[in-house]
Colleague: 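If you scroll down you'll find the structure; I have some questions about it.
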Amino acid sequence: MFGNIYWKYILRAVRSRDMVIWTFLFPILLATLFHFSLGKLEETDSFETVPVAVVQSRELDMEMYLGQMLESLEEGDSPVLEITRAADAEEAEELLKEEQVKGYIAVEDGAPKLYVRENGISETILKNVLDRYIQTKDTVMTMIRENPGAALAMAETAVQGMSAQGEDSQNTGDSSESFIGNLELSGQKPSVTANYYYALLGMLCLFGGFHGLVVVESLQANLSPQGARNTLSPGNRYKLFCASYLGALTIQFISAAVSMCYIQFVLGISFGSQFGYALAAAFAGSMTGIAFGSLIALPSKWKGGVKTGVLVGVSLICSFFAGLMVGGVNYLVDEYLPVLSKLNPAARISDAFYCLYYYEDHTRYFRNIGILLVMSVVFSGICVVFIRRNQYESI
């Protein structure tokens, strides 16, 4: 009976148009759109020098690596930035209004912020520069916490790299290498777009919650005819849940693996040299997504549309804070709200891929996997207890 239920669920998922669209086609389509919209950020085409104002302040002086990085980008035969020093924010705002600069950078509350008037290529370059600085700073701070000795050596070489004058500083990719190239821990070239794809896979894993909704609804008599039949059957509810859950996990993992293969081998976005570990992260993320969807499906008074809305809404919020919509948000959340970051499954999935790409050491990777597995066990345990204790007066 266990095997029969397992295969029946797989066939049901494959035949479901909604499941195929959301777990197979949608992530591939979104990854393709990312490729066409973000791909140029990785290219080495030349850009015109971007005029930008930098607000001089005591906070900027404390953020000394930011100043060094900006200075390195205005050096060379074809500098990326043309920097105007503004005495205060009012002067910088006036320069922006008069269109003398494309934006201005100010350090406020200990964090660099970019102000622009419109969206364009120049503004995108400025945002890319600042995002890379935040990413680099986060990497260094992480290394300081985990390996102070290595972090000191890296900081020394990073300062030298940031101060060096690059011959190919005419584009964002090459100029940024001058201050983050020495932070490569696994030999992989730093990528400004990879994290968007990693966050996309985090969202895909959470969308496995659609399977969790179906699994639980098929075991609750008041939610579906199939649930009524399963409740009346002599089969053990625990076995019914486990068989359906494994079927859901199989099809969700296949969809994640297909998307990962498409992203790496078709779009050229690398997961590092350890693709097997990346698949393991996708497997753990799929478990968490399905268990999370099962948890949302438990309230018997919620209609199907409400549960679907909650699942999609929470998944998108988690993906946003993992950096899917705005690059660098995940680093800010990790710095200022570390507990929230640790409890965000999309962020843990994305960070697991990030660790494989940048780090040779697997400590941080396994910590992310451990958090995902704990979430899966807790969510699934609550579902099993709730389903086994459900009683119905009449069916």
Colleague: Can you tell if the side chain of Phe379 reaches within under 4.5 Å of the side chain of Ile290, non-hydrogen atoms only?
Modeller: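 No, too far: nothing below the 4.5 Å cut-off.
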
Colleague: Find out whether Ile251 and Thr23 are in side-chain contact, i.e. whether some heavy atom of one side chain is under 4.5 Å from a heavy atom of the other.
Modeller: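 Contact flag for Ile251/Thr23 side chains = no.
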
Colleague: Taking C-beta and beyond as the side chain, do Pro345 and Cys205 meet within less than 4.5 Å on heavy atoms?
Modeller: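 Not in contact.
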
Colleague: Is it true that Phe265 and Phe275 have ring centroids separated by less than 6.0 Å?
Modeller: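 Between Phe275 and Phe265, which both carry aromatic rings, the centre distance is below 6.0 Å.
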
Colleague: Distance check, rounded to the nearest 0.5 Å: Trp22 atom CH2 versus Met203 atom CE?
Modeller: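 These two atoms lie 8.0 Å from each other.
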
Colleague: Which is it for Tyr6 and Thr250 under the side chain to side chain donor-acceptor pair (under 3.5 Å) test, yes or no, and what are the steps along the way?
Modeller: CA-CA 9 Å; Tyr6 171 81; Thr250 300; 2.7 Å; yes

Colleague: Is it the case that the side chains of Tyr245 and Ser294 hold a donor-acceptor pair, with the cut-off being a distance below 3.5 Å and no angle test?
Modeller: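 No, no side-chain donor-acceptor contact under 3.5 Å.
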
Colleague: Does the side chain of Leu201 reach to within under 4.5 Å of the side chain of Ser350, using non-hydrogen atoms?
Modeller: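 When only atoms from C-beta onward are counted, Ser350 and Leu201 do not touch, as no gap falls below 4.5 Å.
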
Colleague: Taking the side chain as every heavy atom from C-beta outward, state whether Lys342 and Asp334 have any pair of such atoms under 4.5 Å apart.
Modeller: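 Yes, side chains in contact.
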
Colleague: Aromatic rings His362 and Phe366: how do their planes relate, parallel, tilted or perpendicular, breaks at 30° and 60°?
Modeller: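 Ring orientation, 0 to 90° scale: perpendicular.
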
Colleague: To check you understand the geometry: which heavy-atom pair defines the closest contact between Cys355 and Asn368, and what is its length?
Modeller: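 Looking at all heavy atoms of both residues, the closest pair is SG-ND2, 3.9 Å.
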
Colleague: If you measure from OG on Ser72 to CD on Gln68, what distance do you get to the nearest 0.5 Å?
Modeller: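 Separation between the atoms: 8.5 Å.
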
Colleague: Do Met69 and Val129 have side-chain heavy atoms sitting under 4.5 Å apart?
Modeller: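 The answer is yes, as the side chains (C-beta and beyond) meet within the 4.5 Å cut-off.
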
Colleague: Under 3.5 Å, is there a donor on one side chain and an acceptor on the other for Asp361 and Thr363?
Modeller: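 Result is yes, a qualifying pair exists.
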
Colleague: Between Met325 and Leu316, which heavy-atom pair has the shortest distance, and what is it?
Modeller: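 Nearest pair, atom of Met325 first, then Leu316: CE-O, 3.9 Å.
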
Colleague: To check you understand the geometry: which heavy-atom pair defines the closest contact between Thr288 and Leu372, and what is its length?
Modeller: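 For Thr288 versus Leu372, the nearest heavy atoms are OG1-O, 3.0 Å.
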
Colleague: For a quick test of reading the model, state the closest non-hydrogen atom pair linking Ser315 to Leu206 and the distance between them.
Modeller: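 Heavy-atom minimum between the residues: OG-CB, 3.6 Å.
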
Colleague: Assess whether side chain to side chain contact (heavy atoms under 4.5 Å, CB included) is satisfied between Ser270 and Tyr357, documenting all intermediate values.
Modeller: CA-CA 7 Å; Ser270 176; Tyr357 185 81; 3.9 Å; yes

Colleague: What's the shortest heavy-atom distance between Ser259 and Leu204, and which atoms?
Modeller: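 Here Ser259 and Leu204 meet closest at OG-CD2, 3.6 Å.
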
Colleague: Any side-chain heavy atom of Glu91 within less than 4.5 Å of one from Tyr104?
Modeller: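 Heavy-atom side-chain distance check fails, nothing below 4.5 Å.
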
Colleague: Where do Val310 and Trp302 land on the side chain to side chain contact (heavy atoms under 4.5 Å, CB included) test, with the steps shown first?
Modeller: CA-CA 10 Å; Val310 171; Trp302 289 6; 4.2 Å; yes

Colleague: Do Tyr262 and Thr32 pair up side chain to side chain, a donor and an acceptor below 3.5 Å, judged on atom types alone?
Modeller: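 Thr32 and Tyr262 do have a side-chain donor-acceptor pair below 3.5 Å.
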
Colleague: Flag yes if more than 12 heavy atoms outside Glu98 fall under 6.0 Å of its CD atom; otherwise flag no.
Modeller: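 Yes, the 6.0 Å shell around CD holds more than 12 heavy atoms from other groups.
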
Colleague: With heavy-atom distances below 4.5 Å as the criterion, would you say the side chains of Gln100 and Glu94 are in contact?
Modeller: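 Answer no - side chains too far apart.
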
Colleague: Between Arg85 and Glu74, is a salt bridge (charged side-chain N to carboxylate O under 4.0 Å, His left out) present by the stated rule, with each step listed?
Modeller: CA-CA 12 Å; Arg85 273 74 180 178; Glu74 66 172 342; 3.1 Å; yes

Colleague: Can we say Arg58 and Asp61 salt-bridge, meaning some charged N sits less than 4.0 Å from an Asp/Glu carboxylate O?
Modeller: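 The answer is no: the pair does not qualify as a salt bridge.
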
Colleague: Any sub-3.5 Å donor-acceptor pair from Tyr331's side-chain atoms to Asp131's backbone N or O?
Modeller: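 Judged by distance alone, no pair lies under 3.5 Å.
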
Colleague: Which of parallel (below 30°), tilted (30 to 60°) and perpendicular (above 60°) describes Tyr198 and Phe271?
Modeller: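 Tyr198 and Phe271: tilted rings.
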
Colleague: Does Tyr365 have its ring centroid less than 6.0 Å away from the ring centroid of Tyr359?
Modeller: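 No; Tyr359 has its ring centre 6.0 Å or more from that of Tyr365.
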
Colleague: Please report the C-alpha distance between Ile269 and Phe34 in whole Å, then the side-chain angles of each, then the deciding distance to 0.1 Å, and finally whether the side chain to side chain contact (heavy atoms under 4.5 Å, CB included) criterion is met.
Modeller: CA-CA 11 Å; Ile269 303 300; Phe34 278 179; over 6 Å; no

Colleague: I'd like to know whether Leu324 forms a side chain to side chain contact (heavy atoms under 4.5 Å, CB included) with Leu200, so could you lay out the CA-CA distance, the side-chain angles of the two residues, the decisive distance to 0.1 Å, and finally the verdict.
Modeller: CA-CA 6 Å; Leu324 178 63; Leu200 170 61; 4.0 Å; yes

Colleague: What orientation do Phe207 and Phe26 show, parallel under 30°, tilted 30 to 60°, or perpendicular over 60°?
Modeller: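 Rings of Phe207 and Phe26: tilted, as their planes differ by 30° to 60°.
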
Colleague: Identify the two heavy atoms, one from Ser376 and one from Met287, that lie closest to each other, and give their separation to 0.1 Å.
Modeller: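 Smallest heavy-atom distance, with atoms named: OG-C, 3.4 Å.
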
